[in-house]
Amino acid sequence: MASEEFQPLQGMADLAAPEIARWQHIEAQARNVLSRYGFSEVRTPILERLELFVRSLGDETDVVQKEMYQFEDRGGRKLALRPEGTAGVMRYVAARGQDAQDARLYYIGPMFRSERPQAGRRRQFHQLGAEAIGAAHPAADAEVIALQLHLLQSWGLSQCRVHINTRGLGTDRVNAQQQIRELLLAKRELLCVDCQRRLDTNVLRVLDCKNPECARIVSALPPLTSFMSAEARSYLDEVCRSLTALEVPFELRPNLVRGLDYYQHTVWEITHPALGAQDAIAGGGRYLLNIGGRAIEGVGFAIGLERSLVALAAERPESPPDRLPLVWFVAQGERAHEEGLRLLQSLRWRGIAAQMCVDRRSMKAQFRAADRAKAMFVVVRGDAELEKGIFLLKTLATGVQEELDLPSLMDRMKPLERGDAVLLR
RNA sequence: GUGGCCGUAGCUCAGUUGGCAGAGCGUCAGGUUGUGGCCCUGAAUGUCGCGGGUUCAAGUCCCGUCGGUCACCCCA
């Protein structure tokens with residue numbers, strides 16, 4: 001077991017082969033899909049002024065109160081590692097002024113929240129998010145949800161469920177919260193201890209308490225939307241109609257609550273059955289933010305990548321690795337070894353993955369290395385081949401060996417050529 | 001921040017009422033002086049997470065601590 005100093009910090013992980021292949025795959029897939037919807041990437045700093053997050057997420061939210069990594073730099077400025085992606089993007093949009101008024105932006109990268117790790121939750125975790133700035137129409141909300149579901153499905157997740165709700169406009173939320181609170185106060189004694197506390201701290205959270213007795217009380221309440229203005233309700237109706245037009249299956253969940261203050265109107269979550277207690281793999285909503293005196297409206301989402309990968313592993317178990325389009329050179333003797341180095345470079349410049357054991361090892365060991373690397377072909381160059389002026393090409397999957405001169409060897413390698421040098425399963 | 005379970009070889013794990021540190025897989029070498037995968041033989045690899053305590057003796061018992069995992073709070 002490695003000593004402590006070799007381990008990453010709690011809740012942080014080194015991502016490497018073989019899992020990294022799945023990360024690269026979903027990222028590549030996502031960029032492709034996002035561009036089809038007209039979104040372009042923005043990479044904002046991981047470190048921002050603390051104030052940005054306090055102002056945009058809300059200073060009473062748990063994320064701000066107890067989950068942010070915050071510290072002072074040498075000049076005494078208060079900074080924070082970003083706990084989510086929207087705030088940074090909004091700062092960027094505010095800085096661009098009118099140039100960004102209809103921007104469609106996406107981001108992908110690490111976020112930080114100082115919490116106890118558990119299934120699908122890390123202290124450094126990764127989100128893919130997209131924001132449609134401006135777009136003040138319910139159809140924009142629906143289109144963004146369609147995009148989000150499209151992304152998840154493109155990764156192979158077929159069991160996602162979309163739950164949507166409305167938060168109403170600013171005054172609606174305050175009204176609803178007050179009225180729900182009054183109704184629940186009458187039944188205070190029947191609620192679980194957590195919910196009794198929530199009555200004071202976060203009333204809406206009572207609505208999705210898992211305690212059966214609380215759920216029973218909640219189910220007897222009028223739906224949250226009944227406390228909303230007519231405007232909020234008709235906005236939600238319009239979102240639903242657009243979702244139907246976009247062929248996005250969804251469920252209205254009047255008790256759905258989301259934790260960040262900047263949301264108004266539509267909010268939603270996407271869940272997946274493989275996640276256990278933390279079954280939301282993605283969420284989103286419409287928001288109105290005020291950054292440096294500029295009001296920015298938009299609609300956006302975030303997808304938790306760790307959680308998506310957990311779900312993906314459950315839906316699509318790892319298939320046994322195929323042979324890679326990789327050529328392995330096996331050399332006997334110094335001269336063959338040097339020829340090997342030359343041949344390798346020549347193949348690599350043609351776009352073919354090629355390797356050999358650069359330390360001198362037995363042929364048996366070289367073949368074993370080729371097999372372990374899942375190489376497709378082995379090219380053998382030994383005393384006999386030097387003498388005959390040929391190369392021996394062995395196809396590892398079949399064991400078939402052929403004697404070829406250099407031009408015909410290169411000819412046989414042609415199908416392995418590829419424009420990029422990335423090896424994907 | 002709170003609680004349950006866990007921490008022994010690169011990996012997965014066994015280790016009895018406290019008494020010599022183990023297995024499987026993997027790695028390396030040989031069986032085959034030029035051939036991988038299957039088979040056979042052999043070898044290497046350990047601050048038993050870390051620190052303290054009890055004891056003639058601690059992987060084992062006690063305390064602390066770090067980490068993992070699951071759950072709570074909350075969230076992606």
Side-chain angles (χ1 to χ4, degrees), chain A residues 1-13 57 60-68 83-86 108 110-129 148 152 192-195 197-198 201-202 204-205 208-211 257-260 268-272 275-285 300-311 323 328 330-333 336 357 361-386 392-401:
Chain A
M1 185 54 61
S3 86
E4 196 177 303
E5 62 184 306
F6 298 138
Q7 295 174 353
L9 293 171
Q10 180 173 33
M12 315 219 167
L57 305 184
E60 295 300 319
T61 56
D62 273 41
V63 171
V64 167
Q65 288 273 310
K66 49 182 213 189
E67 295 170 10
M68 262 203 300
E84 56 92 63
T86 301
I108 180 163
M111 309 293 164
F112 302 83
R113 291 183 199 174
S114 178
E115 277 219 285
R116 287 289 281 268
Q118 59 181 288
R121 179 196 286 173
R122 304 268 82 107
R123 288 184 166 182
Q124 175 174 335
F125 61 104
H126 298 79
Q127 284 188 342
L128 165 64
Q148 191 178 20
L152 295 167
C192 70
V193 269
D194 283 334
C195 284
R197 182 178 46 73
R198 286 179 179 124
T201 57
N202 197 348
L204 296 181
R205 280 284 160 205
D208 61 2
C209 180
K210 292 174 194 75
N211 179 301
V257 176
R258 289 182 60 75
L260 307 178
W268 68 88
E269 270 177 16
I270 299 183
T271 62
H272 191 280
L275 270 291
Q278 312 293 328
D279 67 349
I281 61 177
F301 65 74
I303 299 175
L305 297 187
E306 277 80 1
R307 289 184 183 187
S308 296
L309 287 166
V310 169
R323 293 275 168 190
W328 201 276
V330 169
Q332 182 189 37
C357 298
R361 311 173 70 170
S362 70
M363 295 189 70
K364 184 193 186 80
Q366 293 183 69
F367 266 90
R368 218 184 354 250
D371 189 60
R372 209 177 40 218
K374 305 273 181 278
M376 199 172 275
F377 298 109
V378 164
V379 173
V380 183
R381 183 74 157 165
D383 298 338
E385 288 76 14
L386 282 167
L392 194 66
L393 177 68
K394 179 166 184 173
T395 306
L396 283 179
T398 60
V400 173
Q401 302 193 146

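Predicted model only: the values in this text are computed from it and were never measured. Worth knowing before you read on, the calculation uses all heavy atoms, side chains too, and leaves out hydrogens, waters and symmetry mates.
- Residue-level contact check: A:Ala282 touches the backbone only, with heavy atoms under 4.0 Å from sugar-phosphate atoms and none from bases.
- Along RNA chain B, the nucleotide nearest A:Lys66 and the nucleotide nearest A:Leu9 are compared for position; the residue whose nucleotide lies closer to the 5' end is A:Leu9.
- Residue side chain A:Gln366 does not reach the base of B:rU35 through any donor-acceptor N/O pair under 3.5 Å, judged by distance alone.
- Look at B:rG37: it lacks any Watson-Crick or wobble partner with both distances under 3.5 angstrom.
- Going from atom CG of A:Asp62 over to atom C1' of B:rC72 covers 13 Å, rounded to whole Å.
- With contacts defined as side-chain heavy-atom distances shorter than 4.5 Å, the pair A:Leu305/A:Ile108 qualifies.
- Within the 4.0 Å cut-off from OP1 or OP2 of B:rA29, at least one side-chain nitrogen or oxygen of A:Arg368 is found.
- When the P atom is compared between B:rG3 and B:rA76, the two are found 26 Å apart, to the nearest whole Å.
- A donor N or O paired with an acceptor N or O is not found under 3.5 Å between the base of B:rG1 and the side-chain atoms of A:Glu67.
- The CG atom of A:Leu396 sits 13 Å away from the P atom of B:rC38 (whole-angstrom rounding).
- No engagement by A:Gly85 is indicated, since no non-hydrogen atom pair under 4.0 Å with the nucleic acid exists.
- Backbone-only engagement by A:Ile281 is indicated by non-hydrogen atom pairs under 4.0 Å involving sugar-phosphate atoms exclusively.
- Distance alone, capped at 3.5 Å, is enough to place a donor-acceptor pair between the A:Gln332 side chain and the A:Asp383 backbone.
- Residue whose closest nucleotide on RNA chain B sits further toward the 5' end, between A:Arg198 and A:Ala397: A:Ala397.
- Spacing between atom CZ of A:Arg123 and atom C1' of B:rG1 amounts to 10 Å, rounded to whole angstrom units.
- Of the inter-residue distances, the one linking A:Arg123 atom CZ with A:Leu9 atom CG reads 9.0 Å to the nearest 0.5 angstrom.
- Within the 4.0 angstrom heavy-atom criterion, no nucleotide atom of any strand lies near A:Ala302.
- The side chain of A:Arg372 places an N or O atom within less than 4.0 Å of a non-bridging phosphate oxygen (OP1 or OP2) of B:rC28.
- The residue A:Val380 sits close to a base: some heavy atom pair falls under 4.0 Å.
- When the side-chain nitrogen and oxygen atoms of A:Gln332 are compared with OP1 and OP2 of B:rG34, one or more of them lie within a distance under 4.0 Å.
- Base pairing annotation: B:rU60 forms no Watson-Crick or G-U wobble pair, as no partner gives both donor-acceptor distances under 3.5 Å.
- Under the Watson-Crick or G-U wobble criterion, with both distances below 3.5 Å, B:rA23 is paired with B:rU12.
- Side chain of A:Gln366 to backbone of A:Arg361: a donor-acceptor contact under 3.5 angstrom is found.
- The NZ-P distance, from A:Lys364 to B:rG30, rounds to 7 Å in whole Å.
- Side chain A:Arg113 to base B:rA76: a donor-acceptor pair is found below 3.5 Å.
- Pairing partner, B:rU47: none, since no Watson-Crick or wobble contact has both distances short of 3.5 Å.
- We find the NE2-CZ distance between A:His272 and A:Arg307 to be 13.5 Å, quoted to the nearest 0.5 Å.
- Below the 3.5 angstrom threshold, one finds a donor paired with an acceptor across the side chain of A:Arg121 and the base of B:rC74.
- Here A:Arg116 lies in heavy-atom contact (under 4.0 Å) with a base.
- For A:Arg323 against B:rG37, a side-chain-to-base donor-acceptor contact under 3.5 Å is absent.
- Here B:rU2 sits opposite B:rA71 as a Watson-Crick or G-U wobble pair (both hydrogen-bonding atom distances under 3.5 Å).
- Rounded to an integer number of Å, the gap from A:Arg307 CZ to B:rC74 C1' is 10 Å.
- On the C1' atoms, B:rA58 is 15 Å away from B:rU16, given to the nearest whole Å.
- Nucleic acid contact class of A:Leu392 (heavy atoms, under 4.0 Å, all strands): base.
- A:Arg122 has its CZ atom 8 Å from the P atom of B:rG68, to the nearest Å.
- As judged by a 4.0 angstrom heavy-atom cut-off over every strand, A:Gly129 is placed among residues making no nucleic acid contact.
- No engagement by A:Gln65 is indicated, since no non-hydrogen atom pair under 4.0 Å with the nucleic acid exists.
- B:rA57 sits 29 Å from B:rA14 when the P atoms are compared, rounded to a whole Å.
- Using a 4.0 Å heavy-atom cutoff across all strands shown, A:Ala384 reaches at least one base atom of the nucleic acid.
- Atom-to-atom, CG of A:Asp383 to C1' of B:rU33 comes out at 12 Å; the value is rounded to the nearest Å.
- Across all strands shown, A:Glu115 has heavy atoms under 4.0 Å from base atoms, whether or not it also approaches the sugar-phosphate.
- Pair assignment for B:rG7: B:rC66, on the basis of Watson-Crick or G-U wobble contacts that are both within less than 3.5 Å.
- What separates CD of A:Gln118 from C1' of B:rA71 is a distance of 6 Å, to the nearest Å.
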